2 protein chains.
Amino acid sequence: MAHHQLGELDEKILKLIIGNARMPFLEVARECNVSGAAIHQRIQKLTNLGVIKGSEFIVDNTKVGYETCAYMGLYLKTPGQFPSVTEALKQIPEVVECHYTTGQYDLFIKIYAKNNQHLLNIIHNKLQPLGLARTETLISFKEAFKRQIPIEIDYED
Amino acid sequence: MAHHQLGELDEKILKLIIGNARMPFLEVARECNVSGAAIHQRIQKLTNLGVIKGSEFIVDNTKVGYETCAYMGLYLKTPGQFPSVTEALKQIPEVVECHYTTGQYDLFIKIYAKNNQHLLNIIHNKLQPLGLARTETLISFKEAFKRQIPIEIDYED
DNA sequence: TGTGAAAAGACTGAAAG
DNA sequence: CTTTCAGTCTTTTCACA
């Protein structure tokens, strides 16, 4: 498996920092009973391995003017459209996630818009010109909760 | 609107830090041509206002053993189930997002599982006992991209 | 709100067990 | 893989504009 390089210390570090990217590494070190340099080097390693892909501040979308959150399922006309449509979606900043999916849809995306009218504008002016076969829209009117993946590493060695 | 307290400096700060929670505030200060203390106070203010809700490290799900990512639409039997089902979903760590939605479904959730079998186990053992009317599952077999909401504040005052 | 200064604390890399 | 150490940079607070 892809995560065979990770040990208990890595797991403990990830659990501590995954939900708080501003936690000082020295504090992590104290929690783990190792030196600060050890944490520094482990996090470096986790970053080099691609386990850690970056960090983010979590911003309340409604407080920066995005009242509408929607998911959309997209049907392509032909599978050949995958690369061009994905590239075009990347050019639309309001599209914040894009997945290739099995079953129902070909692509599944998440969009933030200022309001419902803005969402309609995005659909009409930016999505429809892409030449999709069909789309389906699902509007989230409240995010009940959102959190991180649970870190529970199996040591299969 | 909810974001009327935010000014140009707040916008600039948010744009700089939203995609890198480890950026030193002094570096933000230099980019913005203000003192470090000013950035410190602004970020404090943004946190107090709830604009900033926290920070996270972005971890590659496949590298910590979660190969399967799925979205599920849930139909309730009665609207009265909303609170209890939401609460029950919160007890399932693999459910990382939960939205109240209009139209098609009542609830819409995002799940990470170790593999497809594990996803089936979660559905059978944890979701079906909740007494839902029906569910629909959508499996993402590749996340083409994922990014942050664009920060573009209107100054309507 | 913003600033500068000062103390405390954190980061980072080198060298060594 | 871990530690200690040293130099440098950051965070945080506070008095003041």
Side-chain angles (χ1 to χ4, degrees), chain A residues 1-60 63-65 151-157, chain B residues 1-60 63-65 151-157:
Chain A
M1 282 206 185
H3 55 291
H4 63 287
Q5 305 101 327
L6 304 183
E8 280 186 60
L9 181 53
D10 298 299
E11 178 177 346
K12 200 163 179 186
I13 293 169
L14 284 175
K15 279 185 180 170
L16 284 167
I17 66 174
I18 195 167
N20 178 10
R22 296 291 300 187
M23 185 174 192
F25 295 169
L26 269 182
E27 201 176 325
V28 178
R30 287 187 290 264
E31 295 272 341
C32 297
N33 293 111
V34 294
S35 70
I39 300 297
H40 183 243
Q41 288 166 51
R42 287 287 184 135
I43 290 181
Q44 197 83 266
K45 184 197 73 178
L46 290 169
T47 304
N48 292 151
L49 287 173
V51 176
I52 291 174
K53 297 196 286 185
S55 63
E56 287 177 342
F57 270 99
I58 307 161
V59 166
D60 184 327
K63 302 229 166 124
V64 291
I151 302 289
E152 292 300 339
I153 295 167
D154 302 328
Y155 309 103
E156 63 254 55
D157 310 82
Chain B
M1 282 204 187
H3 54 294
H4 63 287
Q5 306 101 324
L6 305 183
E8 281 185 58
L9 181 54
D10 297 300
E11 179 178 347
K12 201 162 178 185
I13 293 169
L14 284 175
K15 279 185 181 171
L16 285 167
I17 66 174
I18 195 168
N20 179 10
R22 296 292 298 188
M23 184 174 190
F25 295 169
L26 265 183
E27 199 175 325
V28 178
R30 288 186 291 263
E31 295 271 342
C32 297
N33 294 112
V34 293
S35 70
I39 300 297
H40 185 251
Q41 290 168 54
R42 288 286 185 137
I43 291 181
Q44 197 83 266
K45 185 197 71 176
L46 290 169
T47 304
N48 292 151
L49 287 173
V51 176
I52 291 173
K53 296 195 286 187
S55 63
E56 289 176 341
F57 270 98
I58 308 162
V59 166
D60 184 326
K63 301 228 165 124
V64 291
I151 302 289
E152 293 298 342
I153 294 166
D154 303 327
Y155 307 104
E156 63 254 55
D157 312 79

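Chain A is the first sequence line, chain B the second, and so forth, proteins listed ahead of strands; every chain is numbered from 1. Note that this is a predicted model, so its numbers are computed, not measured. These values consider heavy atoms only, across backbone and side chains, with no hydrogens, waters or symmetry-generated copies.
Taking each heavy atom of B:Leu26 and B:Gly36 in turn, the nearest pair found is CD2-CA, 3.9 Å.
A 4.0 Å heavy-atom criterion places the boundary nucleotides of DNA chain D facing chain B at D:dT10 to D:dT13, written 5' to 3'. With a heavy-atom cut-off of 4.0 Å to chain A, the contacted part of DNA chain C has its first and last nucleotide at C:dA10 to C:dG13.
With sequence neighbours excluded, no residue satisfies salt bridge (Lys or Arg N to Asp or Glu O under 4.0 Å) with A:Glu31. Checked against salt bridge (Lys or Arg N to Asp or Glu O under 4.0 Å), A:Lys45 has the following partners two or more places apart in sequence or in another chain: A:Asp10.
The residues B:Lys15 and B:Glu11 are annotated as salt-bridged, a charged nitrogen and a carboxylate oxygen being separated by less than 4.0 angstrom.
Applying side chain to side chain contact (heavy atoms under 4.5 Å, CB included) to A:Ile17 and the options A:Ile39, A:Leu46, A:Val28 leaves one that passes, A:Val28.
Residue B:Glu27 holds its CD atom at 11.0 Å from SG of B:Cys32, rounded to the nearest 0.5 Å. The OG1 atom of A:Thr47 sits 7.0 Å away from atom CZ of B:Phe57, with the distance rounded to the nearest 0.5 Å. Here A:Lys12 contributes atom NZ and A:Ile151 contributes atom CD1; the two are 15.0 Å apart, rounded to the nearest 0.5 Å.
Within residues 38-52 of chain B, the residues that have a heavy atom under 4.0 Å from DNA chain C are, in order of number, B:Ala38, B:Gln41, B:Arg42.
Counting heavy atoms from C-beta outward, B:Leu49 and A:Lys63 have side chains that stay 4.5 Å or more apart. You'll find the side chain of A:Asp60 stays beyond 4.5 Å of the side chain of A:Val64, heavy atoms only. Looking only at side-chain heavy atoms (C-beta outward), B:Ile58 and A:Ser55 stay at 4.5 Å or farther from each other.
Relative to the ring axis of B:Phe25, B:Arg42 does not place its NZ or CZ within 45° and under 6.0 Å from the centre.
Between its two ends, the helix from C:dT1-D:dA17 to C:dG17-D:dC1 turns its axis by 30°, counting five pairs per end and rounding to 10 degrees.
Between A:Pro24 and B:Ala37, the residue anchored closer to the 5' end of DNA chain C is B:Ala37, taking for each the nucleotide with the nearest heavy atom.
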